[in-house]
Amino acid sequence: MKLICSIKDKYQNISVQVRASLWFAFCSILQRGISFITVPVFTRIMSKEQYGYYSTYISWYSILLVFTSMSLYYGVFNNAMIKFKDDRKRYISSMQGLVCILTGIMFLFYLVSMPYANRMLGMTTPLVLMLFAELMVTPALQFWSAYNRFEYKYKNIVAVTLIKSIANPLLGIVLVVFSEDKAVARIISTVIIEVIVCGSIATYQFFKGKCFCVKEYWKYAFCFNLPLIPHYLSGQILNQSDRIMISQMIGNSEVAMYSVAYGIGLFMNIFTQAINGSYTPWFYQNIEKRGYQGIRKITTLISFLMALLVIGLMFLAPEIMTIMASYEYREAVYIIPPIAASVFFTFLYNIFANVEFYFERKYYVMLGSIIAAVTNLILNFIFIKIFGYIAAAYTTLVCYIMYCGMHYIFAMRVCRVNNIPTSIFHIKLLTLLGLVVIAIGISMNLMYQSRTQRYVMILCVAIICMIKREQLKIIFNNIFDEIR
């Protein structure tokens with residue numbers, strides 16, 4: 001009881017900003033966590049072909065959303081909340097109007113080229129219509145969430161996240177179980193929840209803002225975000241093109257196997273995003289007050305922690321795969337190590353890119369994203385044909401390593417221009433960590449064939465952690481004390 005009271009007192013005494021950050025991190029983990037733990041259900045009540053078809057639909061949605069929304073709820077939004085601080089509700093309403101126009105234009109293109117578009121997307125016309133309905137309404141939730149984060153109104157976000165995260169899989173399970181076309185049923189369940197929740201929010205925000213178009217706001221959003229579209233699109237191509245190309249070059253069954261393993265490999269992104277949520281503002285503050293030594297120290301410690309988490313996931317991949325999917329998915333376990341390693345290099349990329357974003361070097365961000373995305377498409381086209389769907393995981397890793405390397409070079413160039421020491425990052429140690437992650441990831445191809453070897457290594461690591469627990473505790477406390 002005393003412990004509970006103590007925690008409650010500490011919680012009530014922290015600032016609203018810190019409290020909001022905790023709840024936003026909780027929402028992110030909750031949303032991804034529920035999505036993750038429902039995968040075993042859907043992989044068992046849907047065939048591989050059906051699950052793969054649904055995964056391909058999600059991939060197309062993610063890519064097309066960049067065009068229909070221009071990702072207006074990202075970089076430009078926070079700037080606009082400051083620039084137009086006395087007219088925020090009208091700005092949001094206006095942005096929703098812009099999304100409606102962009103989606104409408106994209107829909108007209110679809111109508112003109114319907115037969116070709118259906119073949120390219122691999123969908124029937126009714127499914128594409130549902131896709132556009134989802135594209136029309138989902139940005140409203142993103143605008144609303146970003147606004148509430150800016151205002152530190154975390155209770156609203158927690159409530160909506162809970163409703164949406166629980167309702168989506170529950171309705172999906174019910175419709176899939178009682179439907180013959182289970183892939184379409186899963187898509188319909190997703191669209192229904194999105195239209196109800198996001199459509200309601202869109203209506204509310206139009207009512208509050210009382211406008212559809214404000215010329216000044218549209219012009220500002222276009223000018224700011226248009227140069228970043230290649231960056232956002234390239235990011236989605238890196239994340240989603242694998243599944244689309246596997247679907248078209250091999251089949252939806254392989255997409256299902258790739259998607260399940262890919263999702264497991266990306267699980268560490270939950271921790272990456274949680275860490276970045278606190279690290280990024282701390283990094284900006286220390287750049288401003290020239291706390292370069294602190295940045296070097298904390299960046300190294302956090303990177304070491306991420307490497308340990310990624311390696312731990314690699315070791316336990318076969319057991320996680322057994323839980324997440326049926327026996328017929330077992331060979332997809334070899335996808336997990338390269339994807340998990342990609343998460344580590346994505347983490348490093350975000351650290352380096354903070355320098356570029358701080359000094360508003362959007363050109364560097366865009367250039368790195370385009371090169372990585374184009375390379376990924378070329379490598380996928382070559383190697384999926386030769387080695388099958390597992391090759392896509394390794395092409396993804398290669399591209400993220402290249403992506404990370406480019407952004408380090410760009411970050412160092414920005415540092416030199418702005419008189420910041422290039423030793424701000426301990427690049428030798430970060431490189432060593434990256435090489436260790438790659439080496440262990442490759443060695444997993446042999447380790448997965450011998451359960452005894454893996455268990456012995458896991459036991460050895462656990463014993464070392466127990467022996468060094470005090471030192472590890474000090475390291476973690478240093479990280480949290482510095483970032484707090």
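We number each residue from 1, following the sequence as shown.
Formation of a donor-acceptor pair under 3.5 Å by the Gln240 side chain with backbone atoms of Ile237 is not found in this model. Side chain of Ser69 to backbone of Ser71: a donor-acceptor contact under 3.5 angstrom is found. With hydrogens and angles ignored, the 3.5 Å screen pairs a side-chain donor or acceptor of Thr203 with a backbone N or O of Gly199. Side-chain atoms of Thr43 come within 3.5 Å of backbone atoms of Met324 as a donor-acceptor pair (strictly under, hydrogens ignored). Counting only distance, with no hydrogens or angles, the side chain of Ser94 and the backbone of Val214 share a donor-acceptor pair below 3.5 Å. Ser113 contributes no side-chain N or O that, together with a main-chain N or O of Tyr116, makes up a donor-acceptor pair within less than 3.5 Å. Listed for the Ser165 side chain is a donor-acceptor partner under 3.5 Å among the backbone atoms of Thr161. Judged by distance alone, the side chain of Arg186 and the main-chain N or O of Lys182 form no donor-acceptor pair under 3.5 Å. Asn148 places a side-chain N or O within 3.5 Å of a backbone atom of Trp144 that can act as its donor or acceptor partner. Lys210 places a side-chain N or O within donor-acceptor distance of the main-chain N or O of Phe207, the cut-off being under 3.5 Å.
Between Lys164 and Glu194 a salt bridge is recorded (basic side-chain N to carboxylate O distance below 4.0 Å).
Between Phe132 and Tyr110, a ring centre-to-centre spacing shorter than 6.0 Å is recorded. Taking the six-membered ring for Trp and the full ring otherwise, the centers of Phe410 and Phe352 sit at least 6.0 Å from each other.
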(request) Could you please spell out the steps behind the side chain to side chain contact (heavy atoms under 4.5 Å, CB included) verdict for Ile336 and Met314? (result) CA-CA 7 Å; Ile336 296 175; Met314 291 177 184; 5.7 Å; no
(message) For a side chain to side chain donor-acceptor pair (under 3.5 Å) check, start with the C-alpha distance between Tyr403 and Thr346, then their side-chain angles and the critical distance, and finish with the verdict.
(response) CA-CA 8 Å; Tyr403 197 36; Thr346 303; over 6 Å; no
(request) Any chance you could lay out the side chain to side chain contact (heavy atoms under 4.5 Å, CB included) test for Val260 and Met321, step after step, and finish with the verdict? (result) CA-CA 8 Å; Val260 172; Met321 178 60 80; 4.1 Å; yes
(message) Apply side chain to side chain donor-acceptor pair (under 3.5 Å) to residues Tyr57 and Glu134 and explain how you reach the verdict.
(response) CA-CA 12 Å; Tyr57 170 88; Glu134 193 174 358; 2.8 Å; yes
(request) Evaluate the side chain to side chain contact (heavy atoms under 4.5 Å, CB included) criterion for residues Ile339 and Tyr258: first the C-alpha distance (whole Å), next the side-chain angles of each, then the deciding distance (0.1 Å), finally the verdict. (result) CA-CA 10 Å; Ile339 296 301; Tyr258 184 84; 4.0 Å; yes
(request) Any chance you could lay out the side chain to side chain contact (heavy atoms under 4.5 Å, CB included) test for Asn376 and Ser241, step after step, and finish with the verdict? (result) CA-CA 8 Å; Asn376 185 247; Ser241 65; 3.1 Å; yes
(request) Show the numbers, then the answer: is there a side chain to side chain donor-acceptor pair (under 3.5 Å) between Asn168 and Ser189? (result) CA-CA 7 Å; Asn168 190 319; Ser189 67; 4.7 Å; no
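Aromatic ring orientation, Tyr220 versus Tyr91: perpendicular (interplanar angle above 60°, classes split at 30° and 60°). Ring pair Phe206/Phe212 is parallel by interplanar angle, where below 30° counts as parallel and above 60° as perpendicular. Between Phe383 and Phe387, the ring-plane angle classifies as parallel under the 30° and 60° cut-offs.
Both the sub-6.0 Å distance and the 45° axial angle are satisfied by Arg243 relative to the ring of Tyr262.
Neither side chain, Thr124 nor Asn118, offers a donor N or O lying under 3.5 Å from an acceptor on the other. For the residue pair Ser253 and Tyr51, no side-chain donor N or O sits within less than 3.5 Å of a side-chain acceptor on the partner. A side-chain donor from one of Tyr217 and Asp87 sits under 3.5 Å from a side-chain acceptor of the other. Side-chain polar atoms of Tyr389 and Asp242 form no donor-acceptor pair below 3.5 angstrom.
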